[in-house]
Asker: 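Dropping a structure here in structure tokens format, bear with me for questions.
Quick caveat: nothing in here was measured; it's all calculated off a predicted structure.
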Amino acid sequence: MMTPKLREHFERELRQSSEAEARGDLPTAWSFLERAHILSQAHAGAHLQVHWRMFTFAWRRRDTHELLGQVPRLLLAGPGSLLGRAPLGNTGGASVDIFTPMPIPEDLQALLRDA
């Protein structure tokens, strides 16, 4: 279960993604989804929520590559989180390998450390 502080930051990233998309700032919207993904990886429900948001973002953009890339991620996110197998720092998009760990931004490292 996410700590209240982690949940607050996770939800803020999702909200900022929605706001950026509404402004038409798609790269920033996607970046906030990636950050939410990093925060969610150890939490199956939140992890699935982010991949669903990535899927629907791709749907609205008619991005076939991202849509198809999110399907296996939707299938593996829950079990990966529950089994502790999610690759830390992975940003969750189809442009990165599904099993590759990645560096975690410093501000998110602090949040995850405290969680």
Side-chain angles (χ1 to χ4, degrees):
M1 183 167 194
M2 281 185 157
T3 65
K5 183 177 179 180
L6 184 59
R7 171 64 65 182
E8 175 187 335
H9 286 277
F10 169 74
E11 290 176 358
R12 181 180 306 146
E13 299 290 341
L14 293 179
R15 188 173 51 255
Q16 289 176 312
S17 174
S18 295
E19 291 167 357
E21 185 178 2
R23 290 190 311 269
D25 186 354
L26 302 182
T28 299
W30 186 257
S31 177
F32 282 122
L33 285 176
E34 291 176 323
R35 289 172 54 82
H37 180 265
I38 292 167
L39 294 176
S40 75
Q41 288 179 296
H43 308 279
H47 196 178
L48 283 166
Q49 180 182 0
V50 173
H51 281 295
W52 180 250
R53 295 276 298 261
M54 289 178 160
F55 181 88
T56 60
F57 184 92
W59 177 264
R60 289 188 298 277
R61 307 279 77 78
R62 303 297 186 250
D63 183 342
T64 305
H65 176 258
E66 190 63 46
L67 273 172
L68 294 175
Q70 286 304 317
V71 171
R73 287 162 173 82
L74 282 163
L75 295 172
L76 296 172
S81 292
L82 292 171
L83 298 172
R85 301 284 311 252
L88 295 180
N90 187 292
T91 54
S95 64
V96 298
D97 184 83
I98 197 167
F99 299 111
T100 301
M102 299 171 74
I104 300 173
E106 286 185 31
D107 64 320
L108 298 186
Q109 284 180 31
L111 288 169
L112 293 169
R113 236 186 340 264
D114 293 345

Asker: In sequence, state the C-alpha distance, the side-chain angles, and the governing distance for Leu108 and Leu111, and then conclude on side-chain contact (heavy atoms from CB on, under 4.5 Å).
Answerer: CA-CA 5 Å; Leu108 298 186; Leu111 288 169; 4.0 Å; yes
Asker: Distance check, rounded to the nearest 0.5 Å: Leu88 atom CG versus Thr100 atom OG1?
Answerer: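 One finds 12.5 Å between CG of Leu88 and OG1 of Thr100.
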Asker: Considering the options Lys5, His9, Glu11, which one meets the side-chain contact (heavy atoms from CB on, under 4.5 Å) requirement together with Arg7?
Answerer: Glu11
Asker: Nearest 0.5 Å, please: how far is CZ in Phe99 from CG in Asn90?
Answerer: 10.0 Å
Asker: Side-chain contact test, heavy atoms from C-beta onward, threshold under 4.5 Å: evaluate it for Leu112 versus Leu6 and give yes or no.
Answerer: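 They are in side-chain contact.
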Asker: Quick check for you: to the nearest 0.5 Å, what is the distance between Ile38 atom CD1 and Gln41 atom CD?
Answerer: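 It is 6.5 Å, given to the nearest 0.5 Å.
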Asker: Judged by modelled atom types alone, do Ser17 and Arg35 share a side-chain donor-acceptor pair under 3.5 Å?
Answerer: no
Asker: Show your working on side-chain contact (heavy atoms from CB on, under 4.5 Å) between Glu13 and Glu34 and close with a plain yes or no.
Answerer: CA-CA 9 Å; Glu13 299 290 341; Glu34 291 176 323; over 6 Å; no
Asker: Is there a side-chain contact (heavy atoms from CB on, under 4.5 Å) between His43 and Phe10? Walk through the geometry before answering.
Answerer: CA-CA 11 Å; His43 308 279; Phe10 169 74; over 6 Å; no
Asker: Are the side chain of Glu66 and the backbone of Gly93 linked by a donor-acceptor contact shorter than 3.5 Å?
Answerer: no
Asker: Going from CD1 on Ile98 to CG on Leu76, what distance comes out if it is rounded to the nearest 0.5 angstrom?
Answerer: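 One finds 5.0 Å between CD1 of Ile98 and CG of Leu76.
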Asker: Taking the side chain as every heavy atom from C-beta outward, state whether Leu67 and Phe55 have any pair of such atoms under 4.5 Å apart.
Answerer: yes
Asker: Should Glu8 and Arg12 count as an ion pair when the cut-off is N to O under 4.0 Å?
Answerer: yes
Asker: To the closest 0.5 Å, what do you measure between CZ (Arg73) and CG (Leu68)?
Answerer: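 Here the rounded value is 11.0 Å.
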Asker: Are Asp114 and Thr3 close enough, and set up right, to give a side-chain contact (heavy atoms from CB on, under 4.5 Å), and what steps lead you there?
Answerer: CA-CA 9 Å; Asp114 293 345; Thr3 65; over 6 Å; no
Asker: Report yes or no: is the cationic atom of Arg61 (NZ for Lys, CZ for Arg) closer than 6.0 Å to the six-membered ring centre of Trp59, at no more than 45° off its axis?
Answerer: no
Asker: Might you point out which heavy atoms bring Leu33 and Arg53 nearest each other, and give the distance in Å?
Answerer: CD2-CB, 3.8 Å
